[in-house]
Amino acid sequence: MAQARDQWTTRTGFILAAVGSAIGLGNIWRYPYVVYDNGGGAFLLPYFFALLTAGIPILLLEYSLGHKYRGSGPLSFRRLSKKWEWLGWWQSLIAFLISGYYMVILGWALSYTYYSFGTQWGSETQTFFLEKYLGAADFGSFTPQLKVLIPVVLLWAFVYYVMRQQAHRGIEKLARILMPLLVIMLVIITIRGVTLPGAAEGLNTLFTPDFTALADPQVWVAAYGQVFFSLSVGFATMITYASYLNKKEDLANSGLVAAFANSGFEFMAAIGIFGALGFLAAQSGVGVDEVVNQGVILAFVIFPQIINELPFLNSFFGVTFFGALVFAGLTSIVSLLEPAISAIRDKTGAARTTVVNWIVGLAALMSVLYATDGGLNYLDTIDHYLNSYGLLIAATLMAVATAWTTRKVGELQSHINQVSDVHIGKWWVICVSVVTPVMLIIMTGLNIRTEWLVPYSGYPMPWLIGMGWGALVAVLIAAVILQSKEWKVNTGQAEQQEKEGA
Ligand code: TRP
């Protein structure tokens, strides 16, 4: 006898969990830099285009799959069509792989929350981060770094505790506590950022539009990548979360709320962070463009410098910023683990705690790789491949599965409209079945070409192919094997199963 599905307590609980998943490192450190690097104010055009024609439609597609078929990724796809179960596994396993390194970044953030007391990183923040803290070495080096490993182990212990409980007691409660705190912290960071001397220059640098960027395909790739990653679509998270939602709950409205909360949050973060960057530039007497940097360096090298320079309450703002990274990341990492947990439970009927022991245990083991002195290279490589290739390919396949091979988009649309106040129209079907997949295929092709000519980040090609494509192919093989295994639970249509009283 299969166990009952986990269920959110209310629709608000679901929205909080979904927003908690969406708001993460992607919003705080990735978004500001992506905007700056891809045309500033002009980037908002591809960003909103990608959000409205791809991000929100795919988000709703995932909601409708999980809600209509009442299953994790593999079970929902299996109920869509027997041929597509593997896609659900592939997505869920990629999410699981991401959790391995995502947690290590949270570990750094936890260390830095601690180092904020008395700004222990000193004045040489770059040397401190790369040499003293990470012990950064080249590819091929695997010496574990205790300073990184300890916070990572602590965080895994906490996440293990959360995940052992049913979704409404674990994930939902975590989001109910952390999300309000996070909003307060963000408001503090943003107000501090924009009231610093020099902030205006930072904001000018961020928003000054460079319209020539719009002709560069890479800018569009960046917009899609950012929107998908930030909204947590593509890796079965939202399918799984929607499957825990009551049968009669509104989907369209929830999706719009979640998407706009997520964008609002990243917009505010960008303003606060560029205000602070303007301040740092003014203090050091250089242009803002000289202090801007991408995610890792921005958060762990540049931000500590800003905190050093603040006129007062340095430690307080340090704790607020790094604490916000930890909180935002915790509600996201649970959403990277839940797809695989839910999938294995659906397939085997095993108890939640048993599956959590395995999944969290294995994910924590994976983290050790990134907590070594060569870890930053592995992390950056895997992240790049999973999130620029894996994500776009997974989203394309989802469109192919629902719109092209099974032609079920119409049914999914009716499902959404049956339960939702806001009715979604033909535009949704067109976005999901034509606009998005076509754009994604073009962009993935362009991406592969560009990186064939110039390897990502100048890394050695064998490592890029071995680790990056290697990871994607390894989980693909695992997915195909898993599809071939017997289901221990009823995979009939969800409605039918409920009639039978299962
Ligand atoms: N959205 C999260 C962030 O912005 C990351 C994330 C969590 C994610 N769950 C996901 C990304 C599922 C893709 C799929 O940091």
Side-chain angles (χ1 to χ4, degrees), residues 16-35 47 50-51 54-56 58-59 61-63 66 72-73 87-88 90-106 108-109 159 163 171 174-175 178-179 182 186 222 224-242 258-259 261-270 295-296 298-299 324-343 363 379 382-395 397-398 472 475:
L16 275 170
V19 173
S21 164
I23 296 179
L25 299 175
N27 304 60
I28 303 180
W29 81 9
R30 205 166 174 277
Y31 180 76
Y33 179 76
V34 171
V35 176
Y47 174 80
L51 181 69
I56 293 175
I58 297 281
L59 181 71
L61 178 65
E62 290 198 16
Y63 279 8
S72 58
L87 180 57
W90 195 54
Q91 296 179 321
S92 308
L93 291 175
I94 294 179
F96 165 72
L97 286 188
I98 296 177
S99 75
Y101 68 79
Y102 201 88
M103 190 60 126
V104 174
I105 305 177
L106 300 191
W108 303 343
V159 165
M163 296 309 281
I171 297 177
L174 184 77
L178 294 188
M179 293 322 284
L182 191 59
L186 177 73
Y224 277 79
Q226 174 62 29
V227 163
F228 282 6
F229 184 76
S230 186
L231 277 178
S232 301
V233 297
F235 297 142
T237 289
M238 293 304 159
I239 301 180
T240 310
Y241 276 18
N262 180 58
S263 289
F265 193 101
E266 56 193 11
F267 210 68
M268 256 179 88
V296 173
L298 174 77
L325 282 183
V326 176
F327 285 0
L330 281 175
T331 51
S332 297
I333 199 156
V334 293
S335 80
L336 289 163
L337 295 161
E338 190 63 18
I341 293 172
S342 186
L379 187 157
I382 299 261
D383 173 59
H384 178 71
Y385 280 82
L386 297 188
N387 283 311
S388 56
Y389 293 104
L391 193 48
L392 300 191
I393 296 172
L397 288 171
M398 219 164 24
L472 284 171
V475 284

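Source: prediction; values computed, not measured. Order of listing sets the numbers, starting from 1, for every ligand and every atom in it.
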[X] (side chain) donor-acceptor with [Y] (main chain) under 3.5 angstrom:
X    : Y    : value
N27  : A269 : no
E266 : Y31  : no
N387 : H384 : no
T237 : S335 : yes

For ligand 1 and [X], I'd like to know whether there is a polar contact (N/O to N/O, distance under 3.5 Å).
X    : result
I23  : no
F235 : no
V233 : no

CD1-CG distance between I56 and L231, expressed to the nearest 0.5 angstrom: 7.0 Å
Testing V334, I333, V159, I94 for side-chain contact (heavy atoms from CB on, under 4.5 Å) with S99, which one passes? I333
Candidates I23, L106, L174, L178 - the one meeting side-chain contact (heavy atoms from CB on, under 4.5 Å) with F327: L178
Taking only heavy atoms of [X] into account, list the atoms of ligand 1 that are under 4.0 Å away from them.
X    : answer
Y102 : 2 (C), 3 (C), 5 (C), 15 (O)
L336 : 7 (C), 8 (C), 9 (N), 10 (C), 12 (C)
L25  : 3 (C), 15 (O)
S335 : 7 (C), 9 (N)
T237 : 12 (C)

Applying a heavy-atom cut-off of 4.0 Å, say which part of A22 lies close to ligand 1: side chain, backbone, both or neither. backbone
Side chains of Y241 and S232: any donor to acceptor distance under 3.5 Å? no
Work out whether the distance between some heavy atom of A95 and some atom of ligand 1 is less than 4.0 Å. no
So is S230 touching ligand 1 or not, going by heavy atoms under 4.0 Å? yes
For [atom], which protein heavy atom lies nearest, and how many Å away is it?
atom                    : result
atom 6 (C) of ligand 1  : S232 OG, 3.5 Å
atom 11 (C) of ligand 1 : F229 O, 3.4 Å
atom 2 (C) of ligand 1  : S21 O, 3.3 Å

If you look at every heavy atom in P339 and S72, which pair is closest and at what distance? O-CB, 4.5 Å
